[in-house]
Amino acid sequence: MEERYNHQTIESKWQAEWAKEGLCRTPADQDRPKYYCLEMFPYPSGKLHMGHVRNYSIGDVVARFKRMTGHNVLHPMGYDAFGLPAENAAISHRVHPGEWTESNMAYMKQQLIELGTSYDWEREVATCRPDYYRWTQWLFLVLYRQGLAYKKKAAVNWCVGCNTVLANEQVEDGLCWRCGTQVTKKELEQWFFRITAYADRLLEDLSLLQGWPERVRTMQANWIGRSEGLELTFRTEDGDPIPVFTTRQDTIFGVSYIVLAPEHPLVAKLTAETEYEDEADRFVAKIRSMSDIDRTSTETEKEGIFIGAYATNPISGESVPIWIANYVLLDYGTGAVMGVPAHDQRDFEFARKYGLPLKVVIQPEGVELDPETMTAAHTEGGLMVNSGPFSGLSNEQGLERVADFAEKEGVGRRTINYRLRDWLVSRQRYWGAPIPIVYCEKCGTVPVPESELPVLLPPDVEFRPGGESPLARHEGFVKATCPTCGGPARRETDTMDTFICSSWYFLRYTTAGADRERAAFTRPATDYWMPVDQYIGGIEHAVLHLLYSRFITKALYDNGLIGVREPFTNLLTQGMVIKDGAKMSKSKGNVVSPEEIVGRYGADTARLFILFAAPPEKDLDWSDQGVEGAYRFLNRLWRLVTGLRETVRGAGRPDPSALTGREKELRRIVHRTIRKVGEDIGERFAFNTAISATMELVNAVYGYLDQVPGEQRNLELLGEAMEKLLLVLAPFAPHITEELWHQLGRADSIHLQLWPDYDPEVVKAEEVEIVIQINGKIKRRQLVPADLSADQLQETVLGDPDLAEELLGGKQLVKVIAVPNKLVNVVVR
RNA sequence: GCCGAAGUGGCGGAAUUGGCAGACGCGCUCGACUCAAAAUCGAGUUGGGUAGCCCCCAGUGCCGGUUCGAGUCCGGCCUUCGGCACCA
């Protein structure tokens, strides 16, 4: 009586067994090489989606493989548990965010267990629990002491939908990254992290991250946006300085006007009590009312007005008119630019529109630039002309010489500008880590002492739609005593951006047990486990989370709190899960729920399909039929092993010297599969081809059984084949392999076994089929002994007079190319 | 506009270093088993010519090049996707 593959009983049985045995606990001994395998932790939104399943299946295969290859593996999981959806749920369902989040976490944990993931749950973190956010607050204080956390009034990004401010990184195309609402500007006093102090190192150290995808590094480099140039000081007629930033100081003699950002502080002064005042006021008001998208879109028409004042060019001494225009931004560079219409496309368009003069000062070779007839700016290089003492230099030389001159004369200095802005970390929300600061009437801004952490979120708050932060209305929370003087004080009511919580969680995982109560993490623990060897997650975090985590890591390094400069050595950005040509989403109605798939086919099938259907970094097309295919394969495996179970159980090792040709061939496939799967997982993350190799092995064993009658079968060989097959499949399909492993009579877990070795001698074929080409065209195939040298190969093929005659066909032999084990190409004329 | 990636059968994909294009899976066709179906097993499945096989020709987005040999390298284009986009 054949028992059928029942995924439900098998999977729950082994999940319980593994939990009981503590199979996934992080090893305490430190004599083996460590491997820290980390997947981005989820936001506990309620249930896992297929993107999670993909992410965690990839990570789990890597973790299990590394355990089998003799590594101490740290493979932890947790929850990025603060954030807005919990608060929205509180408003609409009248349930406390904490309760809502905790129940979601419990549910998702169960789902993760049911997927057969091998996490060490003893190291679980949840960023919303006081035992975690206490240390997020501690981190804030570390940065505060370092001068990296500061408060300032600024025009900040405000999302009406979320009722809170956003960091620049959280504004995508002028819309809120979370809810898609258009972002507006608001003047507010807010907390910032001085990430710009690390701009250079964040950029420079990208070169250390060779294990990251090129495009992620490029995206970060673009985001940081470094440009080297010169800050030059023009002067108004009253002598007020107008510093401008330029990367093209070689075009300084081509300046025909200056443009200030409309918000520039000098604008009011320059226009006060002049005929230009009213018009300038109206223009500034109009620009202020524009949204950032309209303002910064290249589609938007350049607009500006002359404000009646003039400035002197510090190099040429020329006087040029001062304008204000929409395309100049206050918060980049100095908020003022020099207009060089002949050599900058923006300036060109602006000058043409307003009739400002063009002056050619860079002359390219071979073309005569005529200011009257130019249709676009010449932004390339050339020879400097009309440039006083600099005329005749190449523009590259000019860049240096003008900068030298400006510095010598004291009218300018070389400087570097970044697109990156400081990280706005205040949020006007309840469900986040409170910023550990109080404001005392006498002592001013006072950090809460570490001994008084955590600053707890009060549970009894009222959630109302659209209002201000519930914390600000909670009198018991706001009222505080000053830690310095003991006098009355007011508590900061902003909470921290949740990206702070997630920018250090990988450090928390390294530290276990009682140490966690004494510190956020310990130096020995981080010294052993950090950096993360493999980080796996979605590309959507290419800038946000990954940049913030790098910044925090560097800040902690500078404090001597950790010993690594970069947190993640290798990064794998997995593709999206697509169905019917679109990302799975509720609104498109193309969502397939993991629960349904795991329920119907089991976790092993879900994992196998999702890893087989596409390479991990590419988008994955969901296919119900493909899932069926994976399920069929596991059934095929089940029948194969259970069918042979009784006969191969207890069989010894095969005797290599006593194998028939067919047996040798099967054994060769077994050993090749071990090599292939090991290389595909360990070196390439090519899980799809690794799985296809195991399928080929299964096919080969069936082929052998088909061709060899029962009594003539080599049971030792079949036993070896079954054993190796299960071992190489174990990381992908942990339950069914464990069950079959035990059915073969093994007592301990398959997941405690070492990855099998392959025998290089067995892998080698005795004979190979080579291709014989004439002039690169395949003419015939031939079996020859393996590993013949090029000369031997040539001799084998052309040494046969009949064959040589047939191949040459009366033509003249020009040359022969022989590639061992591959081909012989005969070139004839 | 700039930067980056990709383009291979009906579909997902494979070909790892320039050396047999289409592994593996899905789908489809035919067959076996069955009263029948499902499941399972077997055979076939790039296009065209020939239509029994063999065999011949073409073929990896398009055009050209390098090479004995190109899906892979080089130049130019097309398309799709992703990122950035008045950054001075």
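Residue numbering restarts at 1 for every chain, and letters A, B, ... go by the order of the sequence lines. Since the model is a prediction, treat every value here as computed from it, not as a measurement.
- Under the Watson-Crick and G-U wobble criteria, each requiring two contacts below 3.5 Å, nucleotide B:rA6 is paired to B:rU79.
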Margin query: Within the 4.0 Å limit for protein heavy atoms, which parts of nucleotides 22-27 of chain B are touched? Write it as a string from 5' to 3', B for base, S for sugar-phosphate only, - for none.
Written below: -BBSSS
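- Heavy atoms of A:Arg215 sit under 4.0 angstrom from primed sugar atoms or phosphate atoms, though from no base atom.
- Relative to the six-membered ring of A:Trp223, A:Arg419 meets both conditions, a distance below 6.0 Å and an angle of at most 45° to the axis.
- The aromatic rings of A:His541 and A:His545 sit perpendicular, their planes meeting at an angle over 60°, well past the 30° parallel limit.
- Partner assigned to B:rG69 is none, using Watson-Crick or G-U wobble distances below 3.5 angstrom.
- Contacts of A:Val827 with the nucleic acid, taken as non-hydrogen atoms under 4.0 Å apart, involve only primed sugar atoms and P, OP1 or OP2.
- A:Ile539 places its CD1 atom 12 Å from the P atom of B:rG82, with the value rounded to the nearest Å.
- Summarising the geometry, atom CZ belonging to A:Arg713 is positioned 7.0 Å from atom CG belonging to A:Leu644; distances are rounded to the nearest 0.5 Å.
- Nucleotide B:rA14 is matched to nothing when pairs are restricted to Watson-Crick or G-U wobble geometry with both distances under 3.5 angstrom.
- Pair assignment for B:rC33 gives none, since no Watson-Crick or G-U wobble pairing has each distance under 3.5 Å.
- Here B:rG13 presents its C1' atom at 14 Å from CG of A:Asp680, a figure rounded to the nearest Å.
- On the P atoms, B:rC68 is 22 Å away from B:rU16, given to the nearest whole Å.
- Note that the CG atom of A:Leu823 and the CG atom of A:Leu793 stand 8.5 Å from one another [nearest 0.5 Å].
- Atom P of nucleotide B:rC86 and atom CD of A:Glu301 are separated by 15 Å, given to the nearest angstrom.
- The A:Lys815 side chain lies nearest to B:rC68 when the options are B:rA88, B:rG82, B:rC68.
- Side-chain atoms of A:Gln773 lie closest to B:rG19 of the nucleotides B:rG19, B:rA14, B:rG83.
- Here the straight-line distance linking atom CD1 of A:Ile242 with atom CG of A:Leu260 works out to 5.0 Å at 0.5 Å rounding.
- No hydrogens or angles considered: a donor-acceptor pair under 3.5 Å links the side chains of A:Tyr327 and A:Asp347.
- Here the side chain of A:Arg639 is nearest to one of B:rC41, B:rA88, B:rC68, namely B:rC41.
- Checking B:rA58, B:rA88, B:rG69 against the side-chain heavy atoms of A:Asn825 singles out B:rG69 as nearest.
- Computed from coordinates, the A:Leu705 CG to B:rU40 P distance equals 18 Å when rounded to whole Å.
- Atom CD in A:Glu214 sits about 17 Å away from atom P in B:rG83, given to the nearest Å.
- In a base pair of the Watson-Crick type (N1 to N3 plus N6-O4 or O6-N4) or a G-U wobble (N1-O2 and O6-N3), with each distance short of 3.5 Å, B:rA58 is matched with B:rU46.
- Across all strands shown, B:rG1 pairs with B:rC84; the Watson-Crick or G-U wobble distances both stay below 3.5 Å.
- Taking every side-chain heavy atom of A:Ile778 into account, B:rC20 is the closest of B:rG19, B:rC20, B:rA85.
- Counting non-hydrogen atoms under 4.0 angstrom, A:Asp619 reaches the backbone sugars and phosphates but no base.
- Taking the six-membered ring where tryptophan is involved, the planes of A:Phe609 and A:Trp622 are perpendicular, since the angle between them exceeds 60° and thus also 30°.
- Figure legend. B:rG22 is base-paired to no nucleotide; pairs are counted as Watson-Crick or G-U wobble with both atom distances under 3.5 Å.
- Looking at heavy-atom distances under 4.0 Å, A:Val328 makes contact with a base.
- Defined by atom type and a distance below 3.5 Å, a donor-acceptor pair is present between the side-chain atoms of A:Asp680 and A:Thr689.
- The residue A:Arg421 sits close to a base: some heavy atom pair falls under 4.0 Å.
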